[in-house]
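To find a chain, count down the sequence lines: A is the first, B the second, and so on, and within it residues start at 1. The figures here come from the full heavy-atom set of this structure, side chains too, leaving out hydrogens, waters and symmetry mates.
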2 protein chains.
Amino acid sequence: MALDSPLTMKNKTSNQILEAAATAPAEAERPTLKTIAFMAGLGVTTVSRALKDAPEIGQATKNRVQLIAKQIGYRPNRAGVRLRTGKTNVISLVLNAQSEIMGLTSNMVYGISEILSQTPYHLTVTPYSVENDPMQPIRYIVETGSADGIIMSRTEPNDARVRYLTEHGIPFATHGRTEMGIEHPFHDFDNEAFAYLSVRSLLAKGRRKIAMLAGPSPSVTYSRHLERGFSRGIAEGGAGAVTVSGIEVDTSLSRIRDRMEEIMSGSNRPDGIVCCSGSAAIALVAGIEAAGLKIGEDVDLVSKQSTDVLQWFRPQIIVFNEDVRHAGRELARAVLKRIAGTDPRELQSLSYPDENRRDAL
Amino acid sequence: MALDSPLTMKNKTSNQILEAAATAPAEAERPTLKTIAFMAGLGVTTVSRALKDAPEIGQATKNRVQLIAKQIGYRPNRAGVRLRTGKTNVISLVLNAQSEIMGLTSNMVYGISEILSQTPYHLTVTPYSVENDPMQPIRYIVETGSADGIIMSRTEPNDARVRYLTEHGIPFATHGRTEMGIEHPFHDFDNEAFAYLSVRSLLAKGRRKIAMLAGPSPSVTYSRHLERGFSRGIAEGGAGAVTVSGIEVDTSLSRIRDRMEEIMSGSNRPDGIVCCSGSAAIALVAGIEAAGLKIGEDVDLVSKQSTDVLQWFRPQIIVFNEDVRHAGRELARAVLKRIAGTDPRELQSLSYPDENRRDAL
DNA sequence: TCCCAAATCTGAAACGTTACAGGTAGGCTA
DNA sequence: TAGCCTACCTGTAACGTTTCAGATTTGGGA
């Protein structure tokens with residue numbers, strides 16, 4: 001067998017090509033660079049470069065290689081790429097398994113997938129239970145290098161995960177904002193605007209004693225936004241705020257119902273209520289009605305929702321939509337761009353209740 | 001430098017070890033087998049085997065290696081394993097992005113994750129839109145070898161995906177059954193029992209003209225199960241079945257509501273209704289009430305639900321719970337065992353309405 | 001005629017892992 | 001003593017990709 005024998009250029013048999021021939025795809029094996037190299041009579045290196053349009057490869061060769069690749073349905077082996085380059089082509093969605101606000105998770109997943117489906121990226125989901133440290137999945141992903149980017153929610157004003165990821169230079173985007181002087185990609189629903197508009201619409205209905213079901217806990221940023229918008233609305237309107245103690249949006253639905261019944265049977269009961277979650281709203285209504293009151297007459301209720309269930313539930317509820325699917329799309333776009341090197345400050349976006357409302361249809 | 005010089009056994013410097021020393025972890029690099037090999041003064045091969053308790057490695061060595069590995073927090077590199085063995089350590093959940101029955105997706109995801117979190121497996125989600133061929137994501141996964149196992153839903157009696165995966169020998173588990181003579185792992189909610197029990201509970205309330213909101217389409221298996229259980233209940237009870245035409249469980253909520261209003265305003269209106277989805281039930285109620293009728297008085301409604309919203313919505317609705325999280329756990333366990341080689345027939349399970357009811361609390 | 005640069009292409013090495021085919025030492029049997 | 005078996009460990013190669021450092025050819029300038 002002539003190794004590197006100086007025949008004419010066209011017939012020369014390089015080692016790489018010989019090698020490719022030796023391991024020629026017996027039948028229906030998944031094609032690799034080697035397969036293409038053999039078919040094209042080129043070296044593996046050349047094929048690799050030709051497929052990514054490298055400038056040092058002749059145009060004719062590129063066309064030829066790309067044609068072959070398309071014809072035989074070549075798909076780069078993810079493990080090979082990942083091992084060599086460290087690039088995983090994976091985005092990880094990290095979320096809290098407990099606090100599932102109706103439809104939030106699924107819509108988020110679908111929104112993200114919509115964007116990723118046009119890229120080589122895959123989506124993995126990494127839930128963590130409440131009893132565990134929220135940092136745990138994050139650390140796992142970073143330490144094992146199992147994703148190129150992370151999307152996470154339930155952001156806190158001073159968020160340990162944001163700090164950790166920033167320090168480690170791992171691209172990420174958060175559903176929700178922070179207040180720690182770190183510029184990072186985020187998408188958020190403007191919950192302050194929502195709470196403010198909610199109060200205003202209650203005022204417009206003549207309600208004067210207004211209450212709000214609090215967000216998950218002051219440690220989650222959007223709870224503060226809600227609070228701020230609520231207070232501003234109350235202050236501007238000169239109305240009275242009634243405090244709802246003992247429950248918040250993450251409390252179990254039955255507890256919310258029971259407590260609400262208590263409150264609405266009490267002497268200082270509110271006549272207008274703001275709620276930031278569709279499922280909690282349903283429990284609130286159950287409590288209100290158990291106290292013998294009627295939505296739209298004795299009390300008005302404004303709620304945010306991410307699926308269109310509330311309209312059917314009680315048409316009297318005033319509803320603002322949060323398009324979580326849209327949020328998923330925004331967040332996916334943001335991480336991808338962050339991975340590509342875009343400045344974080346260009347990857348921060350807000351959704352407003354009104355816009356969403358149109359958007360959602 | 002002495003290569004393979006015959007010093008004493010204890011001091012011998014093998015090539016692998018020298019090599020490991022050459023690339024010794026500068027600082028805080030992720031440890032690999034090489035790192036451990038260097039620290040233990042062993043070859044990479046030995047370390048690899050020691051970590052998987054191979055019989056040809058001395059017990060003392062195994063202990064030593066495993067101790068080092070634990071101490072320095074060794075995690076096998078997934079890309080390395082995958083490239084070498086073809087094992088991805090990934091389970092892919094393939095689902096339809098459109099027909100989201102309230103909470104189904106998220107609960108499924110959480111259930112699966114619960115099981116996978118105790119294994120090296122990651123979960124990726126691959127949604128497909130209705131306009132696309134359901135086979136497309138399946139083919140993609142198989143062709144690119146991007147998962148070791150697949151979980152999918154919306155199974156059809158004669159399911160092309162089931163056939164394809166079986167032919168290709170790819171482990172999978174389905175949420176729902178097929179009727180094509182292929183034994184494969186599945187988990188299913190017994191919708192026939194549900195429909196049957198639903199009819200019986202309506203009969204027990206004295207209802208005589210009973211209707212059912214159909215499943216997605218006869219092409220999805222569980223629609224047939226519903227139909228079967230429904231017919232059996234009707235026949236046994238000697239009641240009358242009222243046909244609901246024009247809508248099914250996947251129809252948009254507003255269409256369901258409108259059509260329901262029509263039907264309930266008609267002359268031949270049913271006095272008992274069976275519904276297999278929580279969100280559809282809400283739309284049904286909206287339609288019923290728009291026709292001026294009252295649930296629990298003029299009509300009774302039985303519905304399946306996968307989140308506990310309906311009780312709060314109208315306590316009069318008779319509810320059966322489907323624990324989708326449990327289904328997720330079952331399906332995850334099933335694929336894992338299938339991957340391990342368990343006979344498919346041992347990986348088929350059903351959930352019954354009653355059992356679930358207890359289970360769900 | 002000779003040399004150089006540009007244009008294309010190439011092989012070897014490496015990423016981390018595992019399978020395969022040894023290798024060596026020590027003890028046992030004949 | 002030789003031969004063999006067992007217990008334990010080792011190096012090499014390979015999975016598919018990309019990077020690095022050349023090779024080779026061609027054309028042009030001196």
Round to a whole Å and report the spacing from [atom1] of [X] to [atom2] of [N].
X: B:Y74; N: C:dT18; atom1: OH; atom2: C1'; answer: 11 Å
X: A:N77; N: C:dG16; atom1: CG; atom2: C1'; answer: 14 Å
X: B:R30; N: C:dG16; atom1: CZ; atom2: P; answer: 8 Å
X: A:E56; N: D:dT25; atom1: CD; atom2: C1'; answer: 17 Å
X: A:L51; N: C:dT8; atom1: CG; atom2: C1'; answer: 16 Å
X: A:E29; N: D:dG16; atom1: CD; atom2: C1'; answer: 13 Å
X: A:K87; N: C:dC15; atom1: NZ; atom2: C1'; answer: 17 Å
X: B:L83; N: C:dT17; atom1: CG; atom2: P; answer: 12 Å

B:T174 (side chain) donor-acceptor with B:S153 (main chain) under 3.5 angstrom: no
A:D148 side chain vs A:N89 backbone, donor-acceptor pair below 3.5 Å: yes
Basic-acidic side-chain contact under 4.0 Å: B:E183, B:R345: no
Just checking [X]: base, sugar-phosphate only, or nothing, at a heavy-atom cut-off of under 4.0 Å?
X: A:T85; result: sugar-phosphate
X: A:K52; result: sugar-phosphate
X: A:S48; result: base
X: B:T46; result: base

Which nucleotide in D:dT17, C:dT17, D:dA21 has an atom nearest any side-chain atom of A:R49: D:dA21
Which nucleotide in D:dT17, D:dC9, C:dA19 has an atom nearest any side-chain atom of B:R84: C:dA19
A:T342, A:L116, A:L347 screened by side chain to side chain contact (heavy atoms under 4.5 Å, CB included) with A:L336, the one that passes: A:L116
Passing option when A:V94 is tested against A:I151, A:T124, A:I141, A:V125 for side chain to side chain contact (heavy atoms under 4.5 Å, CB included): A:I141
Phosphate-side-chain proximity, A:T61 and C:dC9, N/O vs OP1/OP2 below 4.0 Å: yes
B:G80 vs B:I57, nearer the 5' end of DNA chain D by closest nucleotide: B:I57
